Amino acid sequence: MKYPAVSNYLNGSFVVDDLPALDVFDPSVGQVISRVPLSSPREVNRAVESARAAFAGWSSTPIKERVQVFYRYKALLERHIDELTALVTEENGKIASEARAEVLKSAELTEFACSLPQIIPGEVLEVSRGVECRIDRYPLGVVAAITPFNFPNMVPNWSIPNAIALGNCLILKPSELVPLSAGRIAELLREAGLPEGVLQIVHGGKEAVEAICEHPGIQAISFVGSTKVAKIVYRRGTATLKRVLALGGAKNHLIVMPDADLEMTASNVVASMSGCAGQRCMAASVMVAVSKTDHIIRCMVEHAGRMVPGKDIGPVISAESKARIERYIAEAEAGGAEVLVDGRKVTVPGREGGYYLGPTIIDRVTPDMRIAQEEVFGPVLVIIRSRDVDEALAVENASPYGNAASVFTESGGTARYVMERASAGMVGVNVGVPVPREPFSFGGWNESKFGVGDITGRGSIEFWTKAKKMTTKWNREAGVNWMS
Ligand code: NAD
């Protein structure tokens, strides 16, 4: 094995326990590179105990001091970017430029956390003569973040810097498919001066997640993953009265109008559906082609056809994932859809064991097909034809998901019309991946997000803190009034 077995990180140390374990694969070659322990409620309990012990000291440290750790952490992320990039590439499979962009995004997320002291000063107002109301924000206590496989470095950093800078102690449960980056994040934070117990890592799968949901010592959970598991975590976590923000899966629609800029639209749509091998919750999944858009589709086919698996597009995460995606394509084809670009049966010389698929574009798909409705999570774009923008919006609105939607057009009126009517939390115009950047918040609608608030940016401040409303009267002249 290239890497030693992964260990839980409890109270500032990596702890080797005799736990059942799973293999960790490099998806680009299909070979085992490490092992990941499957923690039980016992390990979760140990993490909660040390987090609880650390909370008093950490939460009473002024926020301007707390964020100093994150200034140093950001510098460490940048200093170690090559190594962190290589680790993401190895455990997740994405190509180096995508992995590097992910680590840079983690640095940007950390930069936002460093700005929190500038953003969160409490509100204060003299509400009647001599009487003042103010709001101060307090951390919740011990909190947890449960993360998916597709961004091993970035998604943990959606929660870690903000939750911790705001004074919480956090337990991270990374995806068991990509557990390596999490350990390096913990090491870098330790080097940056984060005190013991403020961050814990508990590896594992279902059992560890259930123990987090049930533990009475955990106040809040952020979850990112599939809608199926987001619902489980939201239901179980809130049943034990926790605050839960659970981000789920997606089926993102790009509405392409006939007036859209040819080259920009074709390249953006293909980049959106194929980036990170389509394993992004913001990836284009359905293109709704409005009226005469054949010239744009032809240009997309050329773009996709030029992409070289192994160089321009990485593998998907597992052999099962690859087989599942291939089943969706075969079923659509059997149902009468036309496969314009077929990414099946690709091999990468020297990496024959890798789980590669090329970009796949399927035309003449109808809204009732499974591939048009369910999340495929691979480099597959389906095209649904529509006569006008209202018909296109009806297709988008019918999806139970609601992460992202975009429109490609040169008309400001059409752009505004679609932005107002799309049923998604993040919408774009002429943007294939409309991810809001800090200080704006990330979060979808409908079955793409359960709970109130967003996971990053300003939206996360409300989630990771509780507000105390203070009313004071120091001026005797204020006398007695209806408020007294
Ligand atoms: P997943 O739901 O399988 O796993 C996510 C986490 O849940 C992992 O830590 C895993 O260990 C745990 N888990 C898995 N099955 C469980 C169960 N039955 N009970 C309790 N815990 C369980 O998701 P994934 O395959 O790792 O990631 C891909 C999914 O994540 C896609 O659906 C994608 O759209 C979604 N995603 C969403 C966003 C977003 O912002 N909305 C961002 C990234 C990924």
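When a ligand or atom number is given, it counts from 1 through the structure's own listing order. Worth saying up front: this structure is predicted, and the values here are computed from it rather than measured. Just so you know, residue 1 is the first one in the sequence shown, and it goes up from there.
Counting heavy atoms under 4.0 Å from ligand 1, residue E375 touches it through the side chain alone. Contacts between L177 and ligand 1 below 4.0 angstrom, taking non-hydrogen atoms only, are absent altogether. Contacts of N150 with ligand 1, taken as heavy-atom pairs under 4.0 Å, involve the side chain alone. Using a 4.0 Å cut-off between heavy atoms, F377 contacts ligand 1 through its side chain alone, with no backbone atom that close.
Counting the atoms of ligand 1 from 1 in the order shown, those under 4.0 Å from a heavy atom of G249 are 32 (O), 34 (O). Within ligand 1, the atoms closer than 4.0 Å to a non-hydrogen atom of F442 are 40 (O), numbered from 1 in the order shown. Of all the atoms in ligand 1, the ones that sit under 4.0 Å from a non-hydrogen atom of K173 are 8 (C), 9 (O), 10 (C), 11 (O). Numbered from 1 in the order shown, with element, the atoms of ligand 1 that lie under 4.0 Å from a heavy atom of N403 read 41 (N). Counting atoms of ligand 1 from 1 in the listed order, those under 4.0 Å from a heavy atom of E176 are 10 (C), 11 (O).
Looking only at side-chain heavy atoms (C-beta outward), V143 and W464 come within less than 4.5 Å of each other. Looking at heavy atoms from C-beta onward, S159 lies in side-chain contact with L170 at the 4.5 angstrom threshold. Within the 4.5 Å cutoff, side-chain heavy atoms of K449 are placed close to those of D454. W58 has its side chain within reach of P195: a pair of non-hydrogen atoms, C-beta onward, lies under 4.5 Å apart. Using a 4.5 Å cut-off on side-chain heavy atoms (C-beta onward), M1 and V32 make contact. You'll find the side chain of V286 reaches within 4.5 Å of the side chain of K251, heavy atoms only.
Nearest to atom 8 (C) of ligand 1 among the protein's heavy atoms is T147 O, 3.3 Å. Atom 39 (C) of ligand 1 has C281 SG, 3.2 Å as its closest protein atom, hydrogens excluded (heavy atom only). When only non-hydrogen protein atoms are considered, atom 27 (O) of ligand 1 lies nearest to P148 CB, 3.3 Å. Nearest protein heavy-atom contact of atom 24 (P) of ligand 1 is F149 CD2, 3.5 Å. The shortest contact between atom 19 (N) of ligand 1 and any protein heavy atom is with K206 CG, 3.5 Å.
The CG atom of N252 sits 8.5 Å away from atom CD of E375, with the distance rounded to the nearest 0.5 Å.
Among P152, G225, A246, the residue whose heavy atom lies closest to atom 35 (C) of ligand 1 is G225. For atom 5 (C) of ligand 1, the nearest non-hydrogen atom from the set V229, I146, N252, V224 belongs to V224.
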Could you give me the CA-CA distance, side-chain angles and deciding distance for N397 and S423, then say whether side chain to side chain donor-acceptor pair (under 3.5 Å) is met? CA-CA 5 Å; N397 286 181; S423 182; 5.0 Å; no
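Judged by the shortest distance from any of its heavy atoms, G248 lies inside the 4.0 Å radius around the atoms of ligand 1. Ligand 1 lies out of reach of Y401, whose nearest heavy atom is not under 4.0 Å from it. Ligand 1 has at least one atom lying under 4.0 Å from a heavy atom of F223. The closest approach between any non-hydrogen atom of V155 and ligand 1 is not below 4.0 Å.
Of the N and O atoms on the side chains of Y73 and E191, not one donor lies less than 3.5 Å from an acceptor on the other residue.
R344 meets the side-chain hydrogen bond (donor to acceptor under 3.5 Å, both in side chains) test with E333, D342; sequence neighbours excluded.
A cation-pi arrangement is present between R421 and Y417, with the terminal nitrogen or guanidinium carbon under 6.0 Å from the aromatic centre and inside a 45° cone about the axis. Taking the ring axis of F151 as reference, the NZ or CZ atom of K94 stays within 45° of it and closer than 6.0 Å to the ring centre.
Remark: ligand 1 and V209 share no N or O pair separated by less than 3.5 Å (distance only, no angle test). Distances between N or O atoms of S226 and those of ligand 1 include at least one value under 3.5 Å.
With hydrogens and angles disregarded, no donor-acceptor distance shorter than 3.5 Å links the side chain of N8 to the backbone of V15.
Ring orientation note: the planes of F442 and W158 are tilted relative to one another, at an angle of 30° to 60°.
In this structure, atom 21 (N) of ligand 1 has protein heavy atoms in its sub-4.0 angstrom surroundings.
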